[in-house]
Structure formats: C-alpha cells, structure tokens
Number of protein chains: 2
Amino acid sequence: MAHTTTHHSDDLAQRLADSGLRNTPQRELVYQSILARRDHPTAEEIFARVKAEMPTISLATVYNCLETLIECRLVRAVHFERASTRYCPNLVPHAHFHDSKTGVTHDIDLPEELLAALKKLLPEGYTADMIDITYHGRGAEKPEKLKD
Amino acid sequence: MAHTTTHHSDDLAQRLADSGLRNTPQRELVYQSILARRDHPTAEEIFARVKAEMPTISLATVYNCLETLIECRLVRAVHFERASTRYCPNLVPHAHFHDSKTGVTHDIDLPEELLAALKKLLPEGYTADMIDITYHGRGAEKPEKLKD
DNA sequence: CAAAAACTTAGAATCATTCTAAGAAGAGGG
DNA sequence: CCCTCTTCTTAGAATGATTCTAAGTTTTTG
C-alpha cells in the first residue's frame, strides 16, 4: 500500500464514504484550507481562503461543507452553541451542563482544586480571568428535580 | 442596621453606586427577574417576564440593563463569546485560551485525568459527549510564538 | 440514456444583538 | 424652584452570522 503526501485527503474520502456521502472538490478544498494552518478560522475566513482557489464557491457551500466535516468528525466547531446568550445569577465558580435532548442547562459546582489544576495548564505568563466550562450531553432518563 | 427582605435590591443599589451608576426601576426589575428563579433565561425571556410588570420597557433596555448588571458583577453571561463560530482541526481533547487583548485563540492540551475529574462531577446518570472549556484572559506580555 | 439522489449556488430570510437619535428623568448649582 | 449636564430609556433601523429556499448541476444506478 503506497503512502502518499495526500494523507489527509484520504482521511476525508474514507470518512465521507463511511457516512455514505460524496467526496466533492468543495469539501476537499474546505478541509484542506482548515488543515493548512493551525488556527481557528471563521466560516468567512475559510470562504476567503477557498475562494482564491475556486472563485465560484459560495458561502452557503462553505457552511454546508463545514457541517459535513463536523458530522464526519474531522473538524470541531469551537463556539457552536449559538443560541441566545443566557444570564445567570450564580456567581460561585461553576460549570454548565447543557442537555442536548431537552435544551435545559444547569449548574455544576466546581471544586477549587479542579480550577487550580486547570489554571496550571496555562503556559508561563498567561492568566485567566475566567474559565468557561460547558458539558454537552444527556441527563438521566428519570429526570432529576434540577431546573433549567 | 435593620435588615429587610430586599437584601438583593440593596446589593444592586450598592453595586450601582460603587460604579457611579444610577439605580433605576428597569435595572431593579431586570435584576429581580433573574434572581426570581434559578434558571438561565435569555434576554428575550427576561424581556417577557419584565414586561408583565412594566409594559413600557423595551428590549433594548433589557439588553442595556443586563450589560450593566454584568459590569457590576451581579450576573454572569453564559455564552458570551458571540463572535463567529470557529473551526478547528485539532481532534485531541483540548481547551481553548481566548486572549481578550488580541482576540487570538489557541489550544491548551488537557490531561486525561483532568477530563476524568470533570466527568466525575456530574450527577448520577448524566453523561457528557463533550466538554467545552474556554479560558478568557491575557497572554504573556512578551508574546510567545503561538498562533491564532 | 433516464430517473433519482446528492450537491451547489445565489439570494432571501431569520434571529440575536447593537446602534442611533430623540426624548425623559435625576442630580446639583445657583 | 429653574437650568443645565449627564445618565437612561425607548422605538425602530441596522448589523452580522447563519440558515433556508428554490433552482440548477453533478453523480450514481438501473
């Protein structure tokens, strides 16, 4: 089996096939444009990069391709919870659990030592004013008496 | 010093005064409406609740009051990073550090044991598909060679 | 090749949020 | 009290990211 330098493209083709999806030039290009740099581009930025190679591509297609790549687990979306901002009077440091089935969010208390451990992961000279932690998952089948 | 049941209102008045801001019926009402329940309402939901008491209040005012409350550290915004979603090809579990000075985001590796510790905080029966961790703060004064 | 299915496209639509410009309300000084 | 300055509130317009729609293309399969 000959290995080429297009290793990641093979990944893409494989993953798409696994999901019963087609490999298209647009998907390939969007994927490559994300892999090309170790940054965190927005859809608009990706659109700009990709347009240089394929001037006819549309922004909608870029969004579509990104969604496909996320489905195939080749790319992660960073702030993907794009619903409305929510406001919270609980000022004790805590995390949020977002139930993807019900849409309900509730608070999870954070022990001091965990926060300390998280802060230790930062490189020298970096300081965190706050750490935003959100779990995404499912609650218990038999719902607890926790509220939104 | 006589303590009343309007403890939280006093908090508000105090905090506003500390920041050189006025205490208004709108700010009071928005604050009370968040304290009233232990949930995570959106601006629209707060608007709806508050409108019942003060039908002339506007959505813009609700947004303004919320911003004021956040300034005074009486309320937290949950998904406040409302810029564009960013996409990231790094599939190893990692956190993000968001530099509020430069707007730059970079990856922070997460040790397995820390993830395990986070998962242990969940109540019985809760499972997390993913945990989104974002630090907000400032990088080193002498910038490292880390990229966006 | 024909028909169905999967994709792409441009532009309209949506939704949360912010901006703008004008009007009200409170604080202080005379 | 009245004036003026500053702070707030308001309605509606504007913005910006994303999604939807409807039509056109490409691919696949029979």
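A note on names: the letters A, B, ... follow the listed sequences, proteins ahead of strands, and every chain is numbered from 1.
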- Residue set satisfying ring pair (Phe, Tyr, Trp, His ring centres under 6.0 Å) with A:Tyr135, at least two apart, ordered chain then number -> none
- Item | Between CG on residue B:Leu114 and NZ on residue A:Lys120, distance to nearest 0.5 Å | 9.5 Å
- Message: What's the separation between atom CZ in B:Arg27 and atom CZ in B:Arg22, rounded to the nearest 0.5 Å?
- Response: 9.0 Å
- Note on the structure: Reading nucleotides 22-27 of chain C from 5' to 3' and marking B where a protein heavy atom lies under 4.0 Å of the base, S where only the sugar-phosphate is that close, and - otherwise, the string is ----B-
- Query: Is the backbone of B:Ser33 close enough, under 3.5 Å, to the side chain of B:Arg49 for a donor and an acceptor to pair up by distance?
  - Reply: yes
- Task: Specify the closest pair of heavy atoms between A:Ala43 and A:Val62, including all atoms of both residues, with the distance to one decimal.
- Result: O-CG1, 3.8 Å
Does [X] reach the side chain of [Y], with side-chain heavy atoms less than 4.5 Å apart?
| X | Y | result |
| --- | --- | --- |
| B:Pro123 | A:Ile108 | yes |
| A:Ile131 | A:Lys119 | yes |
| A:Thr68 | A:Val30 | no |

- Query: Can the ring centres of B:His98 and B:His96 be said to be less than 6.0 Å apart?
  - Reply: no
Nearest-angstrom distance from the residue atom [atom1] of [X] to [atom2] of [N]:
| X | N | atom1 | atom2 | value |
| --- | --- | --- | --- | --- |
| B:Glu45 | C:dT17 | CD | P | 11 Å |
| A:Leu21 | D:dT28 | CG | P | 13 Å |
| A:Leu69 | C:dT8 | CG | P | 11 Å |
| B:Leu66 | C:dA16 | CG | P | 14 Å |
| A:Lys51 | C:dT9 | NZ | P | 10 Å |
| A:Phe47 | D:dA17 | CZ | C1' | 14 Å |
| A:Glu28 | C:dC7 | CD | P | 14 Å |
| B:Glu67 | C:dA16 | CD | P | 18 Å |

Which protein N or O atoms sit under 3.5 Å from an N or O of nucleotides 9-12 of chain D?
| unit_1 | atom_1 | unit_2 | atom_2 | d |
| --- | --- | --- | --- | --- |
| D:dT9 | OP1 | B:Thr24 | OG1 | 2.6 |
| D:dT9 | OP1 | B:Gln26 | OE1 | 3.2 |
| D:dT9 | O3' | B:Gln26 | NE2 | 3.1 |
| D:dT10 | OP1 | B:Thr56 | O | 3.3 |
| D:dT10 | OP2 | B:Ser58 | N | 3.4 |
| D:dT10 | OP2 | B:Thr61 | OG1 | 2.7 |

- Task: Give a yes/no on whether any side-chain N or O of A:Tyr63 is located under 4.0 angstrom from OP1 or OP2 of D:dT19.
- Result: no
